[in-house]
> 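Mind looking over this structure? Questions follow.
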Amino acid sequence: MASIVVSLSPASMADAPSVRHHLKENTKVKTNDSSSFLRGGYGNAFVKSKSFSRFSMVAAVNVSHFEGISMAPPDPILGVSEAFRASTNEMKLNLGVGAYRTEELQPYVLNVVEKAEMLMLERGENKEYLPIEGLAAFNKVTAELLFGVDNPVIKQQRVATVQSLSGTGSLRLAAALIERYFPGAKVLISSPSWGNHKNIFNDARVPWSEYRYYDPKTVGLDFEGMIADIKAAPEGSFILLHGCAHNPTGIDPTPEQWENIADVVQEKNHIPFFDVAYQGFASGSLDADASSVRLFAARGMELMVAQSYSKNLGLYAERIGAINVVCPSADAAARVKSQLKRLARPMYSNPPVHGARIVANVVGEPDLFNEWRKEMEMMAGRIKSVRQKLYDSLTAKDQSGKDWSFILKQIGMFSYTGLNKSQSENMTNKWHVFMTKDGRISLAGLSSAKCEHLADAIIDSFYNVV
Ligand code: PLA
């Protein structure tokens, strides 16, 4: 029910003592017709003003514009961190979001990042707006890091690179490009995938469907299903592929399987759309983790790649990444870039500079670059060692003979445990292991010291909860 406030301005009140007698200031008049307020585009509280001969009456609409908005559910991934922060239990462990922690379970700022920041301070750099496409030095090194400096797509200037708001913002910008220039084109997303992929395409009004990816029976890749679904997609679809360290499964195609995927994508005239959120973080090698993208580029295909520096440089909160579109010519790349800029301008105008300068310094300076590679190997190595330790603990504790070796076959910062929703809930409610409800755990948030506790929690949840 809406209410109307009728008020009189003091000046008119002075002129109209008899009216004042009947209408006190802020008299509320109730009405049922809330729809008329919405229909009429009543943007302000004071919406209607009528002049009478001796006074002017202003009717203020007191209906709330926001009261009717319902509570959104917590984000399936970032909501886990909120719940973790709210818990007071001493044993609590946050294996929800994919964020690297030290063995002491503390956030980690890379030494190279601190060094780059010192350099930036010494240079006394300013805080002027960046151009819409971002920092030129960043755009140059980020494309080179992805494709390799000597790649023909770089040499021939066929890549349109635009700095954007980390991986998510880069995907969103690409989604906007699809919506504008490929109306009706579908994006195919792996089943399962990083949960936010669907949100991004929904919000950009880009239709999507899923292709088979994970086979729970083998705890591996459903390669035949994947190929069949990519084949069955309408010609010219965008095929969203995780460049490395598939999230959430940790299962990547083999090099031969990548070749087969490229065959089908090419055959069907699809456009490969890579999400590269973990370059160098999956295997410890920047080149190995970019090999899927380079394999497609080497075939002369047009493709898109969203990049993120959240994980590999630990720049989560700096929101630094890029969208790269490989075009058939330098001219086409310039045009595509101009359109990406045109899409970015009304969305967020231009990207932040701090993270871009860090990346440009680290990737562009040989000493820092080498140090970065070592730190990345160290991070990837720590994740691999807790992966091994978790496996060892599970096999030592579980007397049933269950084969847990799938954990060792998975790549990257996550392990897809196979725990279902209620088992995952048991992990949190009983064992204080905070994780997403799809059974994914972030090994980057695990320490060696907590492996035994985690193994106990997994075994209990797996065998005692259905
Ligand atoms: N793409 C994939 C496959 C990701 O896993 C993530 C992050 C992103 C893109 C986006 O990251 P960015 O915007 O920070 O660059 N996924 C995290 C965090 C690590 C998240 O959900 O936002 C995850 O826990 O899955």
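Whatever order the structure lists ligands and atoms in, that order sets their numbers, starting from 1.
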> Just distance, no hydrogens or angles: give the donor-acceptor pairs under 3.5 Å from side chains in residues 349-364, sequence neighbours left out.
residue : atom : partner : partner atom : Å
Ser349  : OG   : Arg345  : NH1          : 2.5
His354  : NE2  : Glu117  : OE2          : 2.8
Arg357  : NH1  : Asn126  : O            : 3.2
Arg357  : NH2  : Asn126  : O            : 3.1
Asn361  : OD1  : Arg123  : NH1          : 2.9
Asn361  : ND2  : Arg357  : O            : 2.9

> For residues 123-163, pull every pair meeting ring pair (Phe, Tyr, Trp, His ring centres under 6.0 Å), keeping only residues two or more places apart or in separate chains.
Phe138-Tyr309

> Pairs under 3.5 angstrom, nitrogen or oxygen on both sides, ligand 1 versus protein: list them out, please.
residue  : atom   : partner : partner atom : Å
ligand 1 : 1 (N)  : Asp275  : OD1          : 3.2
ligand 1 : 1 (N)  : Asp275  : OD2          : 2.6
ligand 1 : 5 (O)  : Asn247  : ND2          : 2.6
ligand 1 : 5 (O)  : Tyr278  : OH           : 2.6
ligand 1 : 11 (O) : Lys311  : NZ           : 3.4
ligand 1 : 13 (O) : Gly167  : N            : 3.4
ligand 1 : 13 (O) : Thr168  : N            : 3.0
ligand 1 : 13 (O) : Thr168  : OG1          : 2.6
ligand 1 : 13 (O) : Arg319  : NH2          : 2.8
ligand 1 : 14 (O) : Ser310  : OG           : 2.7
ligand 1 : 14 (O) : Arg319  : NH1          : 3.0
ligand 1 : 15 (O) : Ser166  : OG           : 2.5
ligand 1 : 15 (O) : Gly167  : N            : 2.7
ligand 1 : 15 (O) : Ser308  : OG           : 2.6
ligand 1 : 15 (O) : Ser310  : OG           : 3.2
ligand 1 : 16 (N) : Trp194  : NE1          : 3.3
ligand 1 : 21 (O) : Trp194  : NE1          : 2.9
ligand 1 : 24 (O) : Gly98   : N            : 2.8
ligand 1 : 24 (O) : Arg440  : NH2          : 2.9
ligand 1 : 25 (O) : Trp194  : NE1          : 3.3
ligand 1 : 25 (O) : Asn247  : ND2          : 3.0
ligand 1 : 25 (O) : Arg440  : NH1          : 2.9
ligand 1 : 25 (O) : Arg440  : NH2          : 3.4

> Would the distance check show the side chain of Asn151 and the main-chain N or O of Glu144 forming a donor-acceptor pair, the cut-off being under 3.5 Å?
no

> Would you call Asp456 and Lys397 a salt bridge, using N to O less than 4.0 angstrom?
yes

> Could you list the donor-acceptor pairs under 3.5 angstrom formed between side-chain atoms of residues 373-383 and any protein atom two or more places apart in sequence or on another chain?
residue : atom : partner : partner atom : Å
Glu375  : OE1  : Asn111  : N            : 3.1
Glu375  : OE1  : Val112  : N            : 3.0
Glu375  : OE2  : Tyr108  : OH           : 2.5
Glu375  : OE2  : Asn111  : N            : 2.9
Arg382  : NE   : Tyr100  : OH           : 3.1
Arg382  : NE   : Arg101  : O            : 3.1
Arg382  : NH1  : Glu103  : OE1          : 3.2
Arg382  : NH1  : Leu446  : O            : 2.9
Arg382  : NH2  : Arg101  : O            : 2.9
Arg382  : NH2  : Ala444  : O            : 3.3
Arg382  : NH2  : Leu446  : O            : 2.8

> Between Asp263 and Arg299, is there a salt bridge with N-O shorter than 4.0 Å?
yes

